[in-house]
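In what follows, a structure is listed as structure tokens, so that the remarks can point back to it.
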Amino acid sequence: MNNDQIADLLEAVAAAYQIKGNNQFKVVAYQKAGLAMRRLAIEARDFWEEGKLEEIPGVGISIAAHLTELFAKGKVPHFNKVLKILPPSVFKFIKIPGVGVKIAYKLANDLNIKESLGALTKLKKAAKKGKIAVLEGFGQQSEKEILEGIKKLTRDQKRMTLPFAWELAQKVIKYLNEKDENKKIIKIEPLGSLRRMSATVGDVDIAVATDDPQKVIKRFICFPEAKKVVVAGKNTARVIHRSGEQIDLKTMKPEAFGALLQHFTGSKDHNIHLREIAQKKDLSVSEYGIKFKKKGRLQLKEYPDEQSFYHDLGLSWVPPELREDSGEIEAALKNKLPVLISQKDIKGDLHLHSSFPTQSSHDDGLSSAEDLVTKAQSLGYQYLGLTEHNPVYSQHNKKQVIQILKRKKDISDKINYSRSNKLFFFVLNGLEIDIKRSGELAVPEEAFAFLDFAIASIHSSFKLNKKQMTKRVLLGLSHPKVKILGHPTGRKIGQRDGYDLDWDQIFSFCKKNNKYLEVNSWFDRLDLPDLLIRDAVKNGVKMVINTDAHAARHMDNLKYGLSQARRGWVTTDDIINTLSYNKLIDLFGLKKGGER
DNA sequence: GCCGTTTTCGGCCCGACTGTTTTCAGTCG
């Protein structure tokens, strides 16, 4: 059983306890334990094998005992007994927005829809026949909302990738700022998972600090790419973008903007933890500010910015990317938050595809090597790595591959030696090489002489089991010229999960042999994922943040990989492309002496 | 059921919204 399945189980038990009317805190405890499972980057089974289940936050003596039974025997009779009271359809119903466990349970029983299969269709039918409105506790309105909820559910199941949401938000912000002749917008910021730079985003939420909310809202609902205005209220508005995505705007007077920004940035768990801390100090926190007890009465204090808000709770300001309640609050209380990496620390991009034709089975890039260099210089970099795909191995013999790579090397040599050294810019000649199913690299040994370094990546046979896949990756990484494991999990957001790897083995191999895990910035990869980045940091494994650009303009995407690194608590020291050119080639064993 | 630099017992986040209600329960973020 993997972590997500265990989370499903624990949450189902929580739901059953809720229906049974058990202690609500017991219910919450199971929900928390479920969430903790979803957050683990390492399998809970591994914790069990090491006897460390109780080290998972939210897992205590009792749940640990149940999980132990689960791993040892494959089932937990106690859970099965508890779950018997819940018809399987309930778990379909609670996915409908506006329907929680209680309502789902009532619908399942009163309408006699117990099976999971076809449950939503049956519910829809019942609603259309007016069978819900007549149930006790329901009415016309709730029936209508359930119908709309089902519709929304089918539409909403796909979350946006971070880059899509980010660019949409920037468009709205730019539009609002451009038309703001009277400077009504004092501050404007994205909110929620978007501001926290989570890899996927549900809705685009934007906050504006202003003294004239009506003017801003009037402007907002005229956004040319909006196809529908849902609501335009006094302080908030909602439109539907032509892509179908929802965009919310929230306004607040500048004096109180800090608490609003903080509250709606979340995460929910971060906020809950903050309020627990506040409570112990006899304070009460909300989106309006902090209430202090004064002479027995509560008095609200407002905050123009987040810094002063966090300060009054005894914390240093927490970067949004860290606000997941995964240790950042404890660190902020001790003023020991890490200094996160930022764009200015990046000295080069080591995963770029130029238009040089390597006769690969994958895509060539669209921009010439020279154009990539120009772009890199405009970004303030000192170097870049040209890493086109290897020539397709089934259609080239050794000699042909070497010829292609020789011509490829000429291009970087020409750039490196034809320019004035005063420019202080260098091209590393690399290659992105497929790791074949067997673990072999897809280029002949002799070809490596023409390369400065290589990235090894998996582009096929994703379904090997964990043991085979780990062996394959480690074999691929073991060549001395291979320095980087490209997009290490192989996930494609919204399309496929990553393949199964034994991360403990990968981490210790990388650390021992100076191999570097890539944080790939491509929009639907964002790979390594944030949780694994955090684990890599904890294990002392160094990484490289690359764009995998197939055109010069894609080199601007580095911010997305960077954001995932920040979510993984990454500092400059953890990332090798923050090194100067000389230090980098030293690390790669390429010290050439002389002017380079 | 979990958790602890005031606690191993006694607590456990806050406010808004909504619909079906006669004073509130359920859901959401």
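Source: prediction; values computed, not measured. Convention: sequence-line order gives letters A, B, ...; per-chain numbering from 1.
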A/K228, NZ atom: more than 12 neighbouring heavy atoms under 6.0 Å: no
Mind checking A/I272 for me? I need base, sugar-phosphate or nothing, with any heavy atom below 4.0 Å counting as a touch. base
In whole angstroms, the gap separating C1' of B/dT18 from CD of A/E143 amounts to 16 Å
Roughly how many Å is it from CD in A/E55 to P in B/dC3, rounded to a whole number? 12 Å
So, do A/K218 and A/C222 sit near enough that their side-chain heavy atoms are less than 4.5 Å apart? no
Using a heavy-atom cut-off of 4.0 Å across all strands, would you classify A/V28 as base, sugar-phosphate, or nothing? nothing
With sugar-phosphate meaning primed atoms plus P, OP1 and OP2, does A/I61 contact a base, only sugar-phosphate, or nothing at under 4.0 Å between heavy atoms? sugar-phosphate
Between B/dG26 (P) and A/F93 (CZ): distance, integer Å: 18 Å
OP1 or OP2 of B/dT18 less than 4.0 angstrom from a side-chain nitrogen or oxygen of A/S142, does that happen here? no
Side chains of A/D325 and A/H273 only: does a donor on one sit below 3.5 Å from an acceptor on the other? yes
Gap between atoms CD1 and P, on A/I94 and B/dG26 respectively (whole Å): 15 Å
Same-atom distance (C1') from B/dT8 to B/dC14, integer angstrom: 28 Å
Starting from C1' on B/dG19, measure out to CD1 on A/I146 and report it in whole angstrom. 11 Å
Rounded to whole Å, how long is the line connecting atom CG of A/D248 with atom P of B/dG29? 11 Å
Does A/R196 reach the main-chain N or O of A/T265 with its side chain, forming a donor-acceptor pair under 3.5 Å? yes
Parallel, tilted or perpendicular: which fits the ring planes of A/F309 and A/Y303, with parallel below 30° and perpendicular above 60°? perpendicular
With 3.5 Å as the limit, what N/O pairs link the protein to nucleotides 21-25 of chain B?
none

Do A/R534 side-chain atoms and A/S326 backbone N/O form a donor-acceptor pair below 3.5 Å? yes
B/dC12 versus B/dC17 - spacing of their C1' atoms, nearest Å: 24 Å
Taking the same atom, P, in B/dT20 and in B/dA16, what whole-Å distance lies between them? 22 Å
Close N/O contacts between protein and nucleotides 15-17 of chain B (under 3.5 Å):
unit_1, atom_1, unit_2, atom_2, d
B/dG15, OP1, A/K291, NZ, 2.9

What integer number of Å spans the C1' atoms of B/dT23 and B/dG29? 25 Å
Residue matched to B/dG11 through Watson-Crick or wobble contacts both under 3.5 angstrom: B/dC2
Indicate whether any N or O donor in one side chain lies under 3.5 Å from an N or O acceptor in the other, for A/D527 and A/T489. yes
Which listed nucleotide (B/dC2, B/dT27, B/dG19) is nearest to the side chain of A/A29? B/dC2
Under 4.0 Å between any heavy atoms, over every strand shown, what does A/E145 touch: base, sugar-phosphate, or nothing? Just pick one. sugar-phosphate
Do A/P163 and A/W522 have side chains that approach each other closer than 4.5 Å (heavy atoms only, starting at C-beta)? no
In terms of the nearest nucleotide of DNA chain B, which residue is placed more toward the 5' end: A/Q140 or A/A64? A/A64
Can a donor-acceptor pair be found between the side chains of A/Y17 and A/N23 at a distance below 3.5 Å? no
Identify whether any heavy atom of A/V27 sits under 4.0 Å from a base atom; if not, whether one sits that close to sugar-phosphate; answer base, sugar-phosphate or nothing. nothing
With respect to A/I277, which candidate in A/I329, A/V285, A/L283 satisfies the side chain to side chain contact (heavy atoms under 4.5 Å, CB included) definition? A/I329
From NZ of A/K95 across to P of B/dT27 the rounded distance in Å is 16 Å
Between A/H273 (NE2) and B/dC14 (C1'), how many Å, whole number? 16 Å
Indicate yes or no: at least one non-hydrogen side-chain atom of A/L249 is less than 4.5 angstrom from one of A/R238. no
Pairs under 3.5 Å (N/O, protein and nucleotides 4-12 of chain B):
none

For the side chain of A/S62, counting heavy atoms from C-beta on, which of B/dG19, B/dT27, B/dC2 is nearest? B/dC2
Verdict with supporting geometry, A/L315 and A/L274, side-chain contact (heavy atoms from CB on, under 4.5 Å): CA-CA 10 Å; A/L315 280 77; A/L274 272 190; 3.8 Å; yes
Mind checking the C1' distance from B/dT6 to B/dG1? Whole angstroms is fine. 24 Å
With DNA chain B as reference, determine whether A/G100 or A/Y17 sits nearer its 5' end, using the nearest nucleotide of each. A/Y17
Would you indicate whether A/Q140, at its atom CD, is surrounded by more than 12 heavy atoms from other residues, nucleotides or ligands within a distance under 6.0 Å? no
